[in-house]
Amino acid sequence: MRILTDCDGVLLNWEYAFTTWMECHGYQIKEEGPYDMGLRYGLTKDKSRELVRYFNESSSIGFLPPLRDAIQYVRKLHEECGAVFHCITSLSLEHTAQRLREQNLNKLFGEGVFEKFVFLDTGADKDEALARYKDSGDLWIEDKAENAVLGTTLGLDSVLIEHGHNIYDEDVMDKGIPLHKNWKSVYEYVRGV
């Protein structure tokens, strides 16, 4: 069984790590909740993109904590169901950042869990990367609503990991894309429990 998964906000708690990093660099949250980092920190789109790229290419990216119960249930899916994961992440095209991400994931989840890593530029769309899996019916786990909708359109079995930014998305509701609070729920979905 092959499972396609995003990384930040699905496997790893990017938001927590970025918030901590921003505080260390003198930035304070101006508006709680928004997914858009420019709105959250009261920055222009260009400045927020610059800071996200800088963070994603810093050594900090190699030490992100897992999201919620991801370790336990990703390992269970791998060990009990034979699932292998393809991680599709809009991180950076910078090779050191990519190696740090691989090391972080392999350290947390175990060697061999991830069969493939697909690295896209910071903030890049996932259209081309997901098109390679078109009509496969593979499970596609995301936290960004538009990427989950894209996966469904391409014939993937899209699900969303619940966050404040995606729980009321109309496209997700219209497409009937399941929303999961945690990886235990994803595990039960895969096992048909």
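Worth saying up front: this structure is predicted, and the values here are computed from it rather than measured.
- Between the S185 side chain and the K181 main chain, no donor and acceptor come within less than 3.5 Å of each other.
- The backbone N or O of G38 lies less than 3.5 Å from a partner atom in the side chain of D36, making a donor-acceptor pair.
- A pairwise comparison of heavy atoms in V10 and E142 identifies CG2-C, 3.5 Å as the closest pair.
- Checking side-chain atoms of S48 against main-chain N and O of K45 turns up a donor-acceptor pair under 3.5 Å.
- Residues L156 and L139 have side chains not in contact (no heavy-atom distance under 4.5 Å, counting atoms from C-beta outward).
- Here the side chain of S60 pairs no donor or acceptor atom with the backbone of N56 at under 3.5 angstrom.
- The closest side-chain heavy-atom distance from V74 to W183 is below 4.5 Å.
- Expressed to the nearest 0.5 Å, how far CG of D6 lies from CD1 of I161 amounts to 10.0 Å.
- Between H95 and F119, a ring centre-to-centre spacing not shorter than 6.0 Å is recorded.
- Under the 4.0 Å criterion applied to side-chain N and carboxylate O atoms, D138 and R2 are assigned as salt-bridge partners.
- With hydrogens and angles ignored, the 3.5 Å screen pairs no side-chain donor or acceptor of N182 with any backbone N or O of D69.
- The distance from the CG atom of L64 to the CG atom of L11 is 11.0 Å, given to the nearest 0.5 Å.
- With respect to R53 and E94, no salt bridge is recorded, no charged nitrogen being found less than 4.0 Å from a carboxylate O.
- For H86 and E115, the side-chain atoms include at least one donor-acceptor pair closer than 3.5 Å.
- Contact annotation: the side chain of R68 never approaches that of N13 to less than 4.5 Å [non-hydrogen atoms, C-beta and beyond].
- For the pair L120 and K126, the minimum side-chain heavy-atom distance is below 4.5 Å.
- In this pair, F85 and F114 present their aromatic rings tilted. The plane angle is within the 30 to 60° band.
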Evaluate the side chain to side chain contact (heavy atoms under 4.5 Å, CB included) criterion for residues C87 and L105: first the C-alpha distance (whole Å), next the side-chain angles of each, then the deciding distance (0.1 Å), finally the verdict. CA-CA 10 Å; C87 180; L105 289 170; 4.0 Å; yes

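- Here the side chains of H165 and D143 are in contact, with some heavy-atom distance below 4.5 Å.
- For F55 and W14, the distance between ring centers is under 6.0 angstrom.
- Between T153 and K175, the shortest heavy-atom contact is OG1-NZ, 4.3 Å.
- Checked for salt-bridge contact, E31 and R40 miss the test: no charged N lies under 4.0 Å from a carboxylate O.
- Taking OG1 of T5 as the reference point, atom CD1 of I141 lies at 4.5 Å (rounded to 0.5 Å).
- Here E188 does not pair with R191 in a salt bridge; the nearest charged N to carboxylate O distance is not below 4.0 Å.
- Rounding to the nearest 0.5 angstrom, the gap separating the OH atom in Y41 from the CD1 atom in I29 is 4.5 Å.
- Residues L130 and W140 have side chains in contact (heavy-atom distance under 4.5 Å, counting atoms from C-beta outward).
- Proximity of R49 to V52: side-chain heavy atoms (C-beta onward) are nowhere separated by under 4.5 Å.
- The distance from atom OH of Y54 to atom OG of S92, rounded to the nearest 0.5 Å, is 13.5 Å.
- In terms of modelled atom types and a separation under 3.5 Å, the side chain of N104 and the main chain of L100 share no donor-acceptor contact.
- Scanning all heavy atoms of the two residues, the minimum distance from I61 to A97 falls at CG2-O, 4.0 Å.
- In this structure, K76 is positioned above the aromatic face of Y187, its NZ or CZ under 6.0 Å from the six-membered ring centre and within 45° of the axis.
- We find that R101 and D8 are joined by a salt bridge, their nearest charged nitrogen and carboxylate oxygen being less than 4.0 Å apart.
- Taken to the nearest 0.5 Å, the CG atom of L4 stands 6.0 Å off from the OG atom of S136.
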